[in-house]
2 protein chains.
Amino acid sequence: MNTRNIKVSIIEDDETIRHGYSFLIGETEGYEVVSAYSSYEDAARKIALDKPEVILLDIELPGTNGIDAIPKLKKLVPQAYILILTVYESEKQIFNALSNGASGYLTKNTPSARIIESIKEVKDGGGPMSINIAKLVIRSFQKNQESPLSKRETQILEMIRDGKNRTQIARELFIDPETVRSHVKNIYVKLDVNSRADAIKTARENKLI
Amino acid sequence: MNTRNIKVSIIEDDETIRHGYSFLIGETEGYEVVSAYSSYEDAARKIALDKPEVILLDIELPGTNGIDAIPKLKKLVPQAYILILTVYESEKQIFNALSNGASGYLTKNTPSARIIESIKEVKDGGGPMSINIAKLVIRSFQKNQESPLSKRETQILEMIRDGKNRTQIARELFIDPETVRSHVKNIYVKLDVNSRADAIKTARENKLI
DNA sequence: CAAGTATCCCCCGAAGTGGGGGATTTATGA
DNA sequence: TCATAAATCCCCCACTTCGGGGGATACTTG
C-alpha cells in the first residue's frame, strides 16, 4: 500500500551518500523517498510539493548550511520532521540544530537499521538520538561537582542569571540586599570577574550553573 | 570470571521490583549485583564498601528522595555511575536528576534487555535514555516556532539573559544603546512585563529563548 | 583555631533602568 | 497603495542598581 508509506526527502550534497540513503530507504518496505536534493537552495524550490513527512538533512551543505536551513524548511514544510544526519558531533551544532527545530540527531556511523528505525520514531513523535549524542546532551545537563562556589553563592548566581537584581533576590531569599551584595562580591572574587555578564559566562563555561 | 563482572547496586523501595531487578541482573552473564537497598539511608551506611560501578536508583524513595540522593551517593561512591529508573517522566525531575549527576534515565516500562544494555552503556561512558525521555529532552531544546518577538528582539533578550546591559549589547551589535532600549521596550510590551527578570521568565516559559 | 560560610552595615560615584514622549527608513503584506 | 511591523535613533526624567572600598558577627568544620 503506497499510501501508508512514510514519505522521506533527503538533502545531502555528497552524491554517493545521497544515493546510498535513497536506495536504502527506498528499498525498505513502508518507506518511500519522494525527493533527494544536493543543497537547500535546490530543495527550497520544490520540497513543499513533495510533502515529505520526514526530511533527512545533512549539516555540511554548500550554500545555506543545514543549521540555517532548518527553520526555513520548517516554514516550507511545516508538518515535516527534520532528522539531522551528520559526521560531526559538535556540541554547539547539535544544540543549535535541536533548538532550531530538528527532531533528532544521528551520526553517519549509525547502522542502517537504526536510521530506518529513527525515521519511524520521529514520524511517531519520538526523539531519536545516537548514543554519543545522548551522552553529550546528558553531559550538558550535568553541573560541575566540585564547584568553587558555595550553595548560597550558586543559588544567587542562578538568580542573577534569571535577570533578578539585588532587591528581588533579597526578597525571595528573605535576606538583606546587603547580604546578597556580599555573596555577589565573593562570587566575583572566586570567578575572577567583575560584572554580572562575566560571572554568568564564566560560570556557564565551567558548568557551575 | 568474577572480576570482569559489572558490579551493580540497586536502591529501590518496592520489594518486588527490587528482587525482580536483582534476579534479572544477577542472572545475566557479565553482571553482578553487589547490594540492594530499600532506601538511601540504608544504602548510605554500606554502599561505599560495595564499590558498585553502576547504581540503579529509584526516584520515589521514602526518606531522602532519589534526586537528593544523587549528589550524596556521588560523594560516597565517586566512581559509580548512577542510572535513574522510574515510573514518572516529569520534565523537571529528569533535568534535576541529570544536573545532579545522574548518567542516564530510564522508565520502568523499559524492556529488561534494554536495562541490561543500558547498564553497560553507562559503564562505558554512554548516555542511555528511554525514547520518551529523549523526546522530552529534545523538546526542551526546541524554541517556539511562532514567537511574537522579532529576530532582533529575541537576540537582545538572549543577551539580557546572559546578564548583559544596554551598553554591552549595543557595543556587540554595533548599534546605539538607545536602539537597544527601544527593542527592550517592545519586548516588554509584547511579553506584557516590565522588568528584565520577568521578561526572561516569560520568555523561558514560552520557549522564546 | 583558622578557614569558610552566611549574615549584615557603612560610604561612594558612576551607570543602568524603566516610563514617557517622539522620529525615520525599509520591507512586507493585505 | 497604504498600513503594519521591524530596526534604527533621539530627548527628558526619577529612581535604583552596580561595583569597589572598608568593616562586623556568628556558626560550622576540619
Side-chain angles (χ1 to χ4, degrees), chain A residues 44 48 71-72 74-76 78 143-203 208-209, chain B residues 44 71-72 75-76 78 143-203 208-209:
Chain A
K72 297 174 197 276
K74 274 274 174 186
K75 281 211 167 176
L76 290 170
K143 284 188 192 168
N144 192 334
Q145 298 285 314
E146 62 247 31
S147 169
L149 302 180
S150 72
K151 283 200 171 185
R152 199 53 148 180
E153 286 160 357
T154 305
Q155 184 183 27
I156 287 174
L157 191 50
E158 280 169 349
M159 296 174 87
I160 286 178
R161 172 205 56 192
D162 292 340
K164 292 171 183 162
N165 61 34
R166 261 180 229 168
T167 320
Q168 291 171 308
I169 295 174
R171 204 164 34 222
E172 281 186 45
L173 299 182
F174 303 105
I175 57 178
D176 196 281
E178 275 300 322
T179 306
V180 177
R181 196 157 134 57
S182 289
H183 287 304
V184 174
K185 282 181 190 176
N186 289 329
I187 292 170
Y188 286 4
V189 170
K190 287 183 179 178
L191 301 187
D192 189 28
V193 296
N194 53 10
S195 75
R196 293 162 114 73
D198 286 343
I200 293 172
K201 187 163 175 279
T202 302
L208 307 181
I209 54 170
Chain B
K72 297 174 196 280
K75 282 209 168 178
L76 290 170
K143 285 187 192 167
N144 192 333
Q145 298 284 317
E146 61 245 34
S147 168
L149 302 181
S150 71
K151 283 200 170 184
R152 200 53 147 179
E153 286 160 357
T154 305
Q155 183 183 26
I156 286 174
L157 191 51
E158 280 167 352
M159 296 175 87
I160 286 178
R161 172 205 56 193
D162 293 341
K164 292 171 184 161
N165 61 35
R166 261 180 229 167
T167 321
Q168 292 171 307
I169 295 174
R171 206 164 34 223
E172 281 186 45
L173 298 181
F174 303 105
I175 56 178
D176 196 281
E178 275 300 322
T179 307
V180 177
R181 196 156 133 58
S182 289
H183 287 303
V184 174
K185 282 181 190 175
N186 289 330
I187 292 170
Y188 285 4
V189 170
K190 287 183 179 179
L191 301 186
D192 189 28
V193 296
N194 51 12
S195 75
R196 293 162 114 71
D198 286 343
I200 293 172
K201 185 162 175 282
T202 302
L208 308 181
I209 53 169

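Just so it is clear: chains get the letters A, B, ... in the order the sequence lines come, proteins before strands, and each one is counted from 1.
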Notebook entry, point to check: For the side chain of B:Arg196 and the base of C:dG16, is some donor closer than 3.5 Å to an acceptor across the two?
Noted result: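 Per atom types, no contact qualifies.
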Checklist line | Any donor-acceptor N/O pair, A:Asn165 side chain to A:Thr167 backbone, under 3.5 Å | finding: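 Side chain of A:Asn165 to backbone of A:Thr167: a pair is present.
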Margin query: Run the side chain to side chain contact (heavy atoms under 4.5 Å, CB included) test on A:Leu173 and A:Thr179 for me, step by step, so that the C-alpha distance in whole Å, both residues' side-chain angles and the decisive distance to 0.1 Å come before the verdict.
Written below: CA-CA 10 Å; A:Leu173 299 182; A:Thr179 306; over 6 Å; no
Margin query: For B:Gln155 and B:Arg152: C-alpha separation, side-chain torsions, deciding distance, then whether side-chain hydrogen bond (donor to acceptor under 3.5 Å, both in side chains) applies.
Written below: CA-CA 5 Å; B:Gln155 183 183 26; B:Arg152 200 53 147 179; 2.8 Å; yes
Item checked: Shortest non-hydrogen separation from A:Leu208 to A:Pro148 and the atoms involved ->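 Smallest heavy-atom distance, with atoms named: CD2-CD, 3.8 Å.
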Check: Looking only at heavy atoms, which two atoms of B:Thr154 and B:Leu149 are closest? And how far apart?
Finding: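 In this case the closest contact between B:Thr154 and B:Leu149 is OG1-CB, 3.6 Å.
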Measure the distance from [atom1] on [X] to [atom2] on [N] and round it to the nearest whole Å.
X	N	atom1	atom2	result
B:Met159	C:dG16	CE	P	14 Å
B:Leu157	D:dA6	CG	P	15 Å
A:Gln168	D:dT16	CD	C1'	12 Å
A:Asn165	C:dA15	CG	C1'	14 Å
B:Gln155	D:dA7	CD	C1'	12 Å
B:Arg171	C:dG16	CZ	C1'	13 Å

Next item on the list: Sugar-phosphate atoms are those with a prime plus P, OP1 and OP2; base atoms are the rest. Using that split, label each nucleotide of nucleotides 2-9 of chain C B, S or - for protein heavy atoms under 4.0 Å, 5' to 3'.
Entry: ---SSBBB
Next item on the list: Take atom NZ of A:Lys72 as the centre, draw a 6.0 Å sphere, and report whether it contains more than 12 heavy atoms from other residues, nucleotides or ligands.
Entry: no
Next item on the list: Can you establish whether the number of heavy atoms outside A:Lys201 located under 6.0 Å from its atom NZ is more than 12?
Entry: no
Margin query: Consider side chain to side chain contact (heavy atoms under 4.5 Å, CB included). Of A:Leu157, A:Ile156, A:Ile169, which one does A:His183 pass it with?
Written below: A:Ile156
Item checked: Spacing of B:Ile187 atom CD1 and B:Ser150 atom OG [to the nearest 0.5 Å] ->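 It comes to 7.5 Å.
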When you measure from the side-chain N and O atoms of [X] to the phosphate of [N], is any distance below 4.0 Å, counting only OP1 and OP2?
X	N	answer
A:Asn194	D:dG19	no
B:Arg166	C:dT17	yes
B:Thr167	C:dG16	yes

Next item on the list: Could you please name the option among D:dG19, C:dG18, D:dC18 that lies closest to any side-chain atom of B:Ser195?
Entry: C:dG18
Under 3.5 Å between N/O atoms: give me all the protein pairs with nucleotides 27-30 of chain D, atom names plus distance.
none

